[in-house]
Enquirer: 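One structure, pasted below without further comment.
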Amino acid sequence: MDFRYTDDEEAFRKEVQQFINESMPPGWLGVDPGPEEETREDVGPLARQMWRKLGQKSWIGLTLPKAYGGQEAPLWKEMILLQELAYRGAPGMDTAIAQVDLILTFGTEEQKRRFVVPITRGEVKWAIGMSEPNAGSDTFAVQLRAVEEEDYFVLNGQKIWSSGAHNANYEMVYARTDPENKHMGLSVFMVDLKSPGITLRQIPQMTGIPAFCEVFFDNVRVPKENLLGEKNGGWQVLLHAFGAERTYGLFAIYNAKRYLDHLIQYCNETHVDGQLLSKDPLVRNRLAQMAIEIEVGCNLGHELNWQAIQGQPTVKTSNQIKVHGAAIAQRVANLGMQILGLYGPLHERSKWVRLGGRFSHEYLSTIGSSLAGGTTENSKNHIAGRAGLGLPKK
Amino acid sequence: MDLSFSEEQEMLWKSARDFLANKCPKTLVRQMEEDEKGYVPELWKEMADLGWIGLPFPEKYGGGGFTFLDLVILLEEMGRACLPGPFISTVVLGGLPIAKWGTEQQKKDILPKICKGEAILTLALTEPSARYDAVSVQVKAKVEGDHYVISGTKLFVNDANVADYIIVVARTADSANPEEGITLFIVDGKSPGITTHLLRTIAGDKQCEFTLNKVKVPKASVLGKPNQGWGMVGEIIQWAALAKAAEMMGGAQQVLEMTIQYAKDRVQFDRPIGSFQIIQHYLADMSIDVDSSRVSLHKAAWMLSEGISCAKEISVIKGWLSEAYRRVTAQAHQIHGAIGFTKDHDLELYFRRAKAAELFFGDADFHREIVAQQLGM
């Protein structure tokens, strides 16, 4: 047993840290990983710059085969990269990478070359078209129809909660090709979002950021070569996609770690009644409790990474981290708001705002952390199920 | 990074589990709660023969030369089995301080006896203030000729009723800084002037009121340097907190496993209750507590074994488990229903131990303060 980073691991970590330092503006407070904050006007250009830079370094597809723009690097490198990016709140590594995994698993050779290389170069972004107004956690309730005609499929229907679709070039669309068969009647399409017949409507989130999108499909023709996997074989892709959300919870934890560090620094510098906030026993106790929760989460993350490196199943641990990470994200945001007191609810653009208004943003945005990528309750079902604690279905 | 266990560690794990499953049934655990001594001398001897009691001590004194991480593996299985007896007292509170700070003579006199299972040790630290701080050390030791004379009352001393040697933490000098002027003494348990009374606790462990009435000890019994004992105490508390956390970990793991099994077996409304989503979600939560504890425990133990400074990591795991173990056992009761609330069921043993263990060697608040300090607050 050895929890230390090896020399190679440590060297790569330093390289990543230096890259982030050089790429972020001075005094960067960080944004949440993922497509939401990249929607902000002040973050978007930086995010685009970062995808390209990460692409140029071949860091987007670190572990992928060289033929598809990757570096064939060991998995630990990707883990270090993602952790550092999340901890520093650097934008740029997004959900597209999860789509790469699907394309490499289910795609044809031609599809791999056509779709994966632009992603790893940081040239295109992808959105996910899974949810529909009546298919949230019940993903097999997808209704969007795809009808086969000549050499294309015609798509009609609607997707919703496609975060960042307005910034994306492609969307991975889960569609119904057999209305008679709920589980075996789905197919997955890689859809160019500029196709005729697609309309987008942005939905502002509670934070004010219009990152959610509704995507409407009106007789959208998708060429057959954009079908991923088998027709009516979408269930396989779907299950794989759930499994690929392995790192979601860890992002939340490293993100929370950054916010906690900011909060500790604030309490070490701010006097109330002539006493440093950090000397207030109640404040110390609550900050330390947060630190403990974050630390055990990070430790569980080490275990998860280790399992992945060993090629062991990660369903249980990744969902445990998803549940724990989402809860931590919400608690650290709440703690920050309480410590900031009346400054807490100020908007980031307010004159008197503290800590860049990050905590009022977090307080609102992290409500999504126990919903997005599968609800906490969904994750608990996975933990309890066959690949976890082995509890019976009936 | 490499999170795998060595083959030797895996074997230790398995052999400890098998041995304890066989030799430490719950009937014995319950019997020992009522027993005056609180342990079975024959079993103690067997454990010594297996090399368990000497596990972390140098081979030259009859020990196994294993690391703290190995000790933690063993302690997890002891916690799983609710093994009664003075193991942590003897090995961690008594033996390790002597191995680290003892004179050659002290080591030669005592460590081999520990390893052979012939000496039981403990640490007399806490007093009626019931706190783990230097201010609370009021028991006095005064120099008289070539001896010290110690007087005062220690409380909550584990296993003093059976101890052959007690490391007594006493004040030898008054100073504005309460951490100065504290000395540790290795006191023979049969010294005149010592009286020991068992305290009854909810966990059935053997805590004692330990009184020293003008107990005369030779100067050679000082452990480490006179007046500079508090730093040693701080370190011992860290080891003990980690050892306790290991026991708690094993207990929590066992409670999770027994509750999963119960949820699979127990049928209500014509189906196993483990198929109900609410029970599944309770168990999912419990598994998060247990699994996050395990890797955090091993990380801290590994760091200690490697000589890497780990005050924060030890406090993280003891602080976390102090609440997580209690949560897990309480939730297990909710799933078991009335049967778990009876003396007939094993769950109650763990529930009682979880609470007592939480309070030993620093509860969550105690360790959160250390974490706060370690974070630079």
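We use all heavy atoms of the structure for the numbers below, so side chains are in, but hydrogens, waters and symmetry mates are not. Letters go in sequence order (proteins before strands), and every chain restarts at 1.
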Enquirer: Tell me, out of A/Thr376, A/Leu389, A/Thr6, A/Leu276, who's got the most heavy-atom pairs with chain B below 4.5 Å.
Expert: A/Leu389

Enquirer: State, with a plain yes or no, whether a side-chain heavy atom of A/Met1 is found less than 4.5 Å away from one of B/Met1.
Expert: no

Enquirer: Considering only heavy atoms, which portion of B/Asp285 lies under 4.5 Å from any heavy atom of chain A: side chain, backbone, both, or neither?
Expert: side chain

Enquirer: Less than 4.5 Å apart, any side-chain heavy atom of B/Ile317 and any of A/Val296?
Expert: no

Enquirer: Where does B/Gln373 contact chain A at under 4.5 Å (heavy atoms): side chain, backbone, both or neither?
Expert: both

Enquirer: Between the side chains of B/Ser287 and A/Gln320, is a donor N or O closer than 3.5 angstrom to an acceptor N or O?
Expert: yes

Enquirer: Name the region of B/Ser305, side chain, backbone, both or neither, that has any atom closer than 4.5 Å to a heavy atom of chain A.
Expert: neither

Enquirer: Using non-hydrogen atoms only, which part of A/His302 is less than 4.5 Å away from chain B: side chain, backbone, both, or neither?
Expert: both

Enquirer: Side chains of B/Trp302 and A/Arg4: does their closest heavy-atom pair fall under 4.5 Å?
Expert: yes

Enquirer: Taking the side chain as every heavy atom from C-beta outward, state whether B/Asp291 and A/Lys316 have any pair of such atoms under 4.5 Å apart.
Expert: yes

Enquirer: Do the side-chain N and O atoms of A/Asn285 and B/Glu369 include a donor-acceptor pair separated by under 3.5 angstrom?
Expert: no

Enquirer: Whether the B/His281 and A/Asn381 side chains hold a donor-acceptor pair (N or O, under 3.5 Å, no angle test) is what I'd like checked.
Expert: yes

